[in-house]
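Before any comments, here is the structure.
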Amino acid sequence: MCGIVAYIGQKHARDILLEGLKRLEYRGYDSAGIATLEQSRGTQVMQVTRAVGRVANLQTAVDAAGGHLGSAGIAHTRWATHGGVTEKNAHPHRDDGVHGHGIAIIHNGIIENYASVKKYLEEKGHTFTSETDTEVLAHLIGELYRGDLEKAVQAALREVTGAYAIAVLCEKEPDVLVVARKGSPLMIGVGNGEFVVASDASAIVAHTTQAVMLADYSVARITRESFRSTTVDNVPLTSEIRELEFDLEQIELGEFEHFMLKEIFEQPRALRMTLQGRINARTGEITLGGVGEHARKLANARKIVLVGSGTALHACMVTSYLMEDLAKTPTDYDFASEFRYRNPIVEDGTVVIAVSQSGETADTLSALQEAKQRGAMALGIVNVVGSSIARETDAGVYLRVGPEIGVASTKAFTGQVMVGAMLAAYIGRRRYLSNDYVTSFLKELSEIPDKIERVLASSEAIATATAKYIHRENWLFLGRGVNYPVALEGALKLKEISYIHAEGMPAAEMKHGPIALIDEGMPVVFVATRNSQYEKVLANIEEVRARGGHVIAVATEGDEYIKTLAKEVFYVPECPEQLQPLLTVVPLQLLAYHAAVMRGKDVDKPRNLAKSVTVE
């Protein structure tokens, strides 16, 4: 959600900034802009260019405008919050009010008290050209500017509430870039005589693999030679330079047409990385270094609560089944966005696990903070090292699935479920499970990547079947038990990228109302693998067939009977019931992908969506 890139160094900033914006397109946005400082008749002048739509539109506008040849600049992709999608509302914003100092700012997040600040500034004589909260912050920095940009930014941030990641330039201090963060991710890439600042490592890794993750409430003053960081109250901070966890090749398309397809096919390799060094299928040992020192607390937990949003919530649901089955610990799951607002009961012995690919999801981070305030032990299951949730938790487990560029999550979901399975077995072994049981379970877990490869081999067959139904605008996805969350995930994927309306629900709930929707030819997708509820699912399939619905089944290899009930069958290898979601979700990912491609949709950048949702 929104993207920030900033540069100060010896090179032309324009090309670096535009390249960075292109790498951030997957985050979701509706407009873009760039500002650079350059010499004009002996003085530094801020040149700003903005455009509605894709970064390609901004590139065209920049080429038409000429210039942008300076070696310091900022650039942004905007996902509209305050104000519509217009060029005036696009970033960067300037302080061109009564006290204009040639200040330009880009901003991710929301300034919650912008209305009162705006009223104060209007009384001071400032006039505004946009509907955004960001322009208010630009004017506030200008109002407080007294010849030191760093101090003006610090002072302004002490007056605002909300979330922000910002980068600020000033014509009067052309050799200084000031950045700051609270609640929205921001990092500083450290190069040789240059610095690249971005909200995501993908915009940095082409230039350097060394980066500093800014902490909340921190402000950094960057020149071409060095940088320093402080709090908003000007207290010096010590910054740790880290090696980025991935390289440029991982964020390139390679032979694939879309990142989503690449990431679906990366799942076997990604899950092997998730497992690597963590399980020993011969001895039954599970080593989760991130939670090792908390093993006793986890084993003695009285209740576990998993919180997440979107796809991560579905992973929470699968994990809750596994926790109760393997660890015999009462487990709930909750929408992260609702958790903090319903006065949740957090008693002694409660463990709250936050699940998020980015580790920056605002709703999930807020839920985690609420749980900690109420005394819960906090764990994280995230993909991005050093992310906000990773820093907020007492302990956690990284997914290690590599960067996920496609907005619709695929390999992160299976990674989250894989980690959930390991964690459930890890706790279960310390409570009730025998070593023989865990050894057998880990053997099955270790075989999942190979079995996913067998499912991926049916991609073209899934595409052929999908083509028969893409004209239908209403679908149902049904499953039972541990495959119910898979039905939800399948429906979400189809909605996200093909814009087909789809509902996921427990198969038995269909007859309590939604069965009224079924008409002749309606596609109804059943997760109908052989497990403890197989016969019940077959009965639900008959109910759909009796009303003219066309059944698409995800079934276990060797199940020939299902062919007599379903119009289409996607087979997955046999595995233990608890682990079936790791296989059954893959045909549904492919179904959604092929449907979106056939309908001509932008698979990797679906409308209105953002990869990392950093506002509540």
Side-chain angles (χ1 to χ4, degrees), residues 310-311 313-318 320-321 333-335 338 413 462 465-556 559-572 577 580-581 583-592 594-596 598-599:
T311 287
L313 178 64
H314 301 155
C316 290
M317 296 170 71
V318 175
S320 73
Y321 283 93
Y333 55 84
D334 204 351
F335 292 92
E338 294 295 322
F413 172 79
I462 292 171
T466 301
K468 302 173 187 178
Y469 300 98
I470 58 170
H471 64 286
R472 299 296 302 225
E473 294 296 331
N474 294 287
W475 293 49
L476 280 178
F477 286 73
L478 304 173
R480 281 179 176 258
V482 74
N483 279 312
Y484 156 49
V486 174
L488 292 174
E489 178 63 10
L492 177 61
K493 286 291 153 289
L494 192 64
K495 284 183 281 194
E496 283 181 306
I497 60 171
S498 74
Y499 316 146
I500 293 171
H501 174 255
E503 280 192 65
M505 64 187 67
E509 286 299 304
M510 170 193 62
K511 58 184 174 288
H512 296 287
I515 198 168
L517 295 171
I518 297 174
D519 59 6
E520 186 65 37
M522 181 180 185
V524 182
V525 181
F526 278 90
V527 184
T529 44
R530 286 202 178 105
N531 56 33
S532 60
Q533 300 195 57
Y534 177 68
E535 300 295 336
K536 298 288 187 184
V537 172
L538 294 186
N540 297 139
I541 288 175
E542 293 286 13
E543 292 165 355
V544 168
R545 294 178 71 235
R547 288 155 181 85
H550 284 196
V551 174
I552 301 169
V554 178
T556 305
D559 184 353
E560 294 297 319
Y561 178 68
I562 200 76
K563 290 182 178 178
T564 66
L565 304 179
K567 297 287 186 181
E568 313 291 340
V569 180
F570 307 146
Y571 284 112
V572 299
E577 184 170 348
Q580 285 181 358
L583 302 180
T584 55
V585 74
V586 177
L588 304 188
Q589 294 170 345
L590 289 167
L591 183 155
H594 290 303
M598 292 172 190
R599 286 167 66 99

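Every value quoted in this text rests on a predicted model; they were computed, and no experiment measured them. We number each residue from 1, following the sequence as shown.
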Rounded distance (nearest 0.5 Å) linking atom [atom1] of [X] with atom [atom2] of [Y]:
{"X": "I541", "Y": "L478", "atom1": "CD1", "atom2": "CG", "result": "9.0 Å"}
{"X": "N474", "Y": "I500", "atom1": "CG", "atom2": "CD1", "result": "9.5 Å"}
{"X": "H501", "Y": "W475", "atom1": "NE2", "atom2": "CH2", "result": "13.5 Å"}
{"X": "E543", "Y": "M510", "atom1": "CD", "atom2": "CE", "result": "4.5 Å"}
{"X": "L591", "Y": "Y469", "atom1": "CG", "atom2": "OH", "result": "10.5 Å"}
{"X": "R547", "Y": "L517", "atom1": "CZ", "atom2": "CG", "result": "12.5 Å"}

Short side-chain to backbone donor-acceptor contact, [X] and [Y], under 3.5 Å:
{"X": "R545", "Y": "V551", "value": "no"}
{"X": "E577", "Y": "S532", "value": "yes"}
{"X": "T556", "Y": "R530", "value": "yes"}

Please give me the minimum heavy-atom distance between [X] and [Y], naming the atom from each residue.
{"X": "I497", "Y": "A592", "result": "CD1-O, 3.4 Å"}
{"X": "A315", "Y": "F413", "result": "N-CE1, 3.6 Å"}
{"X": "V318", "Y": "P581", "result": "CG1-CG, 3.9 Å"}
{"X": "L476", "Y": "M505", "result": "CD2-CE, 3.7 Å"}
{"X": "F526", "Y": "A507", "result": "CE2-CB, 4.3 Å"}
{"X": "E520", "Y": "R472", "result": "O-NH1, 3.1 Å"}

Does [X] have more than 12 heavy atoms from other residues, nucleotides or ligands lying within 6.0 Å of its [atom1]?
{"X": "K567", "atom1": "NZ", "answer": "no"}
{"X": "Y499", "atom1": "OH", "answer": "yes"}
{"X": "K536", "atom1": "NZ", "answer": "no"}

(request) In sequence, state the C-alpha distance, the side-chain angles, and the governing distance for I562 and L538, and then conclude on side-chain contact (heavy atoms from CB on, under 4.5 Å). (result) CA-CA 8 Å; I562 200 76; L538 294 186; 3.7 Å; yes
(message) Could you tell me if the side chain of P587 sits less than 4.5 Å from the side chain of V572, heavy atoms only?
(response) yes
(request) Kindly indicate whether the side chain of K468, heavy atoms from C-beta on, has any atom under 4.5 Å from the side chain of E568. (result) yes
With a cut-off of 3.5 Å and sequence neighbours excluded, list every side-chain donor-acceptor pair involving residues 479-494.
unit_1	atom_1	unit_2	atom_2	d
R480	NE	N540	OD1	3.0
R480	NH1	Q533	OE1	3.4
R480	NH2	N540	OD1	3.2
N483	OD1	T584	OG1	2.9
N483	ND2	T529	OG1	3.3
N483	ND2	Q580	OE1	3.1
E489	OE1	T311	OG1	3.1
E489	OE1	H314	ND1	2.8
E489	OE2	T311	OG1	3.1
E489	OE2	K493	NZ	2.7
K493	NZ	T311	OG1	2.9
K493	NZ	S409	O	3.3
K493	NZ	E496	OE1	3.0

(message) Could you go through V586 and F570, starting from their C-alpha distance and side-chain angles, then the distance that decides it, and tell me whether this counts as side-chain contact (heavy atoms from CB on, under 4.5 Å)?
(response) CA-CA 10 Å; V586 177; F570 307 146; over 6 Å; no
(request) Report the C-alpha separation of L588 and V525 in whole Å, then their side-chain angles, then the decisive distance to 0.1 Å, and conclude whether the side-chain contact (heavy atoms from CB on, under 4.5 Å) test is met. (result) CA-CA 9 Å; L588 304 188; V525 181; 3.7 Å; yes
